[in-house]
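Here's the structure, in structure tokens; my notes come after.
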Amino acid sequence: MTFIKVENLRKQFDPPRGIVAVDGLSFHMDEGEIYSLLGPNGAGKTTTISMLSCLLRPSGGDARVGGHSVREHPQAAKELIGVVPQDIALYPELSARENLVFWGKMYGLSGAALRRRVGEVLEIIDLTERQDERIEKYSGGMKRRVNIGVALLHEPRALYLDEPTVGIDPQSRRSILDVILQFRDRGMTILYTTHYMAEAQELSDRIGIMDHGRMLAEGTHEELVKIVGEEAHVELTVDRHLEQLATAWREMDGVARVTVEEERAILLVPDATVTLPRLFETAAAVQARINEVNVTEPDLEMVFLHLTGRALRD
Amino acid sequence: MSRIWAIAFKDLRTNFRTPVAIVWMLAAPLALASLLGLAFGGGEGYSIAVTKVAVVNLDEGAAAEQGGGRQNLGDEMLAVLRSTDLSTLLTVEVVASEAEARSRVDAGATPVALIIPPGFSAAVLSATGGGEPVTVYRNPAQTLGPSILQGVVQQVVDQFNGARAAAAAAVHFGMRQGRDEASLSQAATTAAAAFMSEALSGASGAIAFRDPQVVETDSKEPGVTAVVLSGMMVFFMFIAAANVARTILDEDFAGTLPRLFTTPTSRGVILAGKYTSVFLTVLAQAVILLLAGWLLFRIQWGNPWAVALLTLDGAAVSAGIAVFLVSILRTPAQAGGVSSGVFVTLALLGGNFVGTAQVGGVFGTVRRFTPNGWLLEAWDATMRGAGASDITVPLLVVLGFALATFGTGVLLFRRRYA
Ligand SMILES: Nc1ncnc2c1ncn2[C@@H]1O[C@H](COP(=O)(O)OP(=O)(O)OP(=O)(O)O)[C@@H](O)[C@H]1O
Ligand SMILES: [Mg+2]
């Protein structure tokens with residue numbers, strides 16, 4: 001069942017001349033699924049989340065959260081969602097518990113229910129023992145966990161997480177990903193944005209690839225990867241005769257495509273194990289030496305490269 | 001409603017956990033109060049330069065026959081001024097004539113002169129009073145020394161008058177007993193003299209010479225400290241309000257304000273919570289200043305109801321203006337610069353730095369366009385003894401300013417974060 005439906009959503013900052021950050025975006029999320037928006041800096045991920053959070057008013061189109069339009073009934077939509085902002089938004093002078101209590105009140109909790117939920121959330125984010133320390137004394141990972149905890153207080157039906165794992169140690173990242181999976185298993189609908197393909201791949205039921213405010217492709221990881229085919233991506237660094245070699249490789253069976261970039265050749269090969277030894281043989285024949293080989297199985301990075309001609313990140 | 005309190009309470013806690021904020025809201029006004037105390041006399045431990053007083057005593061004394069001998073109250077006054085209690089504050093220089101006393105002041109040799117008129121004793125000791133008043137002739141550019149002298153003289157005269165009143169009461173009582181008038185007047189003089197010497201013998205230590213605000217006999221003229229402190233208080237309330245309101249911009253910057261907007265709590269409630277925290281902070285600050293003025297400088301602020309209403313009104317308008325300013329500014333840095341500019345301008349126009357509400361002409365008209373001008377006017381009236389009902393107009397005008405600024409602020413704020 002569809003829980004969130006985004007239709008032709010558009011946002012222009014400072015109209016009429018300002019930048020169009022989201023440009024006719026449409027997608028939907030089923031109840032209980034993790035949907036990741038993947039895209040480079042400035043793709044419009046945060047702007048999209050802000051509109052779905054009723055924080056920014058769309059310039060065009062609409063989105064429905066649990067059936068409530070974010071334009072017409074933002075209040076009702078807000079009751080259903082928990083938002084984890086990209087940048088940590090907490091009161092550093094207050095302790096974790098004080099922060100949770102305050103935000104709980106803002107979500108309309110009070111009294112015993114509030115105390116119970118704050119206790120539960122502290123358990124979930126694993127900060128029960130340090131709950132009375134001021135946030136400003138916490139590590140980056142601990143702050144990120146509190147940042148997420150705040151959005152869980154009112155047991156929302158949907159959770160938006162905007163790059164929740166940026167700049168933290170692997171251990172904290174792991175525990176955050178585990179919390180997210182745990183909530184998905186309880187039926188929560190989760191919208192996730194990230195730069196990290198590996199995260200998107202591991203977590204997501206479905207992934208939308210965004211660039212310049214538009215949806216480029218959408219589907220499960222397998223579906224997306226099929227866009228670039230089944231081929232592995234082989235990168236070879238050669239000491240001499242690169243052009244000559246490239247021409248020879250292009251004519252070989254089992255090589256789909258060859259591109260040359262400075263010292264390197266990038267090949268798409270359907271079956272790397274069979275083809276690789278033959279690539280070395282050809283090189284030996286022209287007395288060139290292969291200094292470095294890199295074989296990558298198809299991934300989202302390649303999908304993005306394929307779709308836009310640019311790398312997803314840096 | 002409970003969410004408004006939650007926001008206000010959170011703000012108060014975060015604000016008061018940062019040392020800078022505490023300095024601004026409490027330490028700065030208190031330091032200011034102490035500085036004023038240092039300049040105008042006040043609590044223990046302050047050293048004040050000794051003031052020279054030129055005194056001419058023209059009093060011939062009056063007979064107090066039944067009690068024996070003559071009483072010269074002019075001499076008594078001189079003795080008080082020369083007493084060791086006052087030696088750290090005043091030195092007396094006796095001169096021969098009134099003209100000489102005045103010329104000492106005019107020439108700048110002494111900041112103040114005291115002229116005890118002929119017939120002073122007679123006037124005080126008679127049952128009916130009257131006669132020429134004691135004159136304090138002062139250099140208008142000087143404030144501290146003359147104020148102290150005036151305070152002391154006032155105390156002494158009050159005691160004399162108290163004695164006379166008691167004597168008059170005794171005479172009145174005697175007349176109803178059927179005594180003849182001549183002997184009654186005799187009795188009155190004797191009684192007055194007796195009261196007087198009793199009062200004087202026990203009194204000099206009790207003279208409250210530390211209260212420079214006691215200056216004239218009948219009208220309650222507020223002292224320098226009181227006037228300056230009230231002006232500064234109004235000014236500092238504005239500043240503190242702007243500082244607290246700035247946390248709205250800080251929160252916008254830090255992301256907690258946008259995050260608040262993603263919760264089901266409405267924007268009106270969020271702003272009301274912010275307003276409440278500003279209001280309570282400024283109120284606390286005003287109360288502390290009023291208490292400091294009262295305890296450290298013995299300032300009589302006036303009728304408690306008027307004082308309470310004025311304080312609330314002042315906090316309301318400070319918070320309203322602060323919210324309005326924040327609604328039109330973008331960054332915390334901008335808020336700092338612009339709001340200081342606005343408040344200093346308002347303070348200049350409204351007369352916070354002039355130190356008196358009794359200004360006429362163009363200035364008197366201009367200040368009516370500023371809320372602080374109205375506040376100061378009302379404070380001045382209150383310190384002169386006005387009650388709450390006497391300052392209804394300024395109270396309402398200031399309340400109008402508060403509502404208008406807060407209302408406009410809310411509208412602009414809504415539009416800005418639409
Ligand atoms: N308040 C704003 N005013 C004007 N332009 C904005 C504003 N917020 C974002 N933008 C612009 O909109 C575009 C999309 O920004 P957005 O933050 O949505 O990207 P993002 O995908 O979240 O990027 P990142 O991965 O860096 O977080 C960017 O070009 C950005 O500069
Ligand atoms: Mg972003």
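Numbered from 1 within each chain, the chains take letters A, B, ... in sequence-line order.
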Look at atom CZ of A/Arg186 and say whether more than 12 heavy atoms of other residues, nucleotides or ligands are closer to it than 6.0 Å.
-> yes
Distance check, rounded to the nearest 0.5 Å: [X] atom [atom1] versus [Y] atom [atom2]?
{"X": "A/Leu153", "Y": "B/Thr263", "atom1": "CG", "atom2": "OG1", "answer": "11.5 Å"}
{"X": "A/Tyr107", "Y": "B/Arg3", "atom1": "OH", "atom2": "CZ", "answer": "11.0 Å"}
{"X": "B/Thr256", "Y": "A/Trp103", "atom1": "OG1", "atom2": "CH2", "answer": "5.5 Å"}
{"X": "A/Leu94", "Y": "B/Thr14", "atom1": "CG", "atom2": "OG1", "answer": "6.0 Å"}

With a 4.5 Å heavy-atom cut-off, do [X] and [Y] have their side chains touching?
{"X": "A/Tyr160", "Y": "B/Thr262", "result": "no"}
{"X": "B/Asp11", "Y": "A/Tyr91", "result": "no"}
{"X": "B/Thr265", "Y": "A/Lys105", "result": "no"}

Segment of B/Ala254 engaging chain A (4.5 angstrom heavy-atom cut-off) = backbone
Cut-off 4.5 Å, heavy atoms of chain A, and the answer for B/Ile270 is neither
Could you pull out every donor-acceptor pair under 3.5 Å between side chains of residues 19-28 of chain A and any protein atom, sequence neighbours left out?
{"from": "A/Asp23", "atom 1": "OD2", "to": "A/Arg214", "atom 2": "NH2", "distance (Å)": "2.9"}
{"from": "A/Ser26", "atom 1": "OG", "to": "A/Asn8", "atom 2": "N", "distance (Å)": "2.8"}

Against chain B, work out which of A/Pro74, A/Pro92, A/Ala89, A/Pro156 has the most heavy-atom pairs shorter than 4.5 Å and name it.
-> A/Ala89
Under 4.5 Å heavy-atom distance to chain B, tell me which part of [X] shows up: side chain, backbone, both or neither.
{"X": "A/Leu90", "result": "both"}
{"X": "A/Asn99", "result": "neither"}
{"X": "A/Ala77", "result": "neither"}

Would the distance check show the side chain of [X] and the main-chain N or O of [Y] forming a donor-acceptor pair, the cut-off being under 3.5 Å?
{"X": "A/Gln75", "Y": "B/Pro264", "answer": "yes"}
{"X": "B/Arg259", "Y": "A/Val83", "answer": "yes"}
{"X": "A/Lys78", "Y": "B/Phe261", "answer": "yes"}

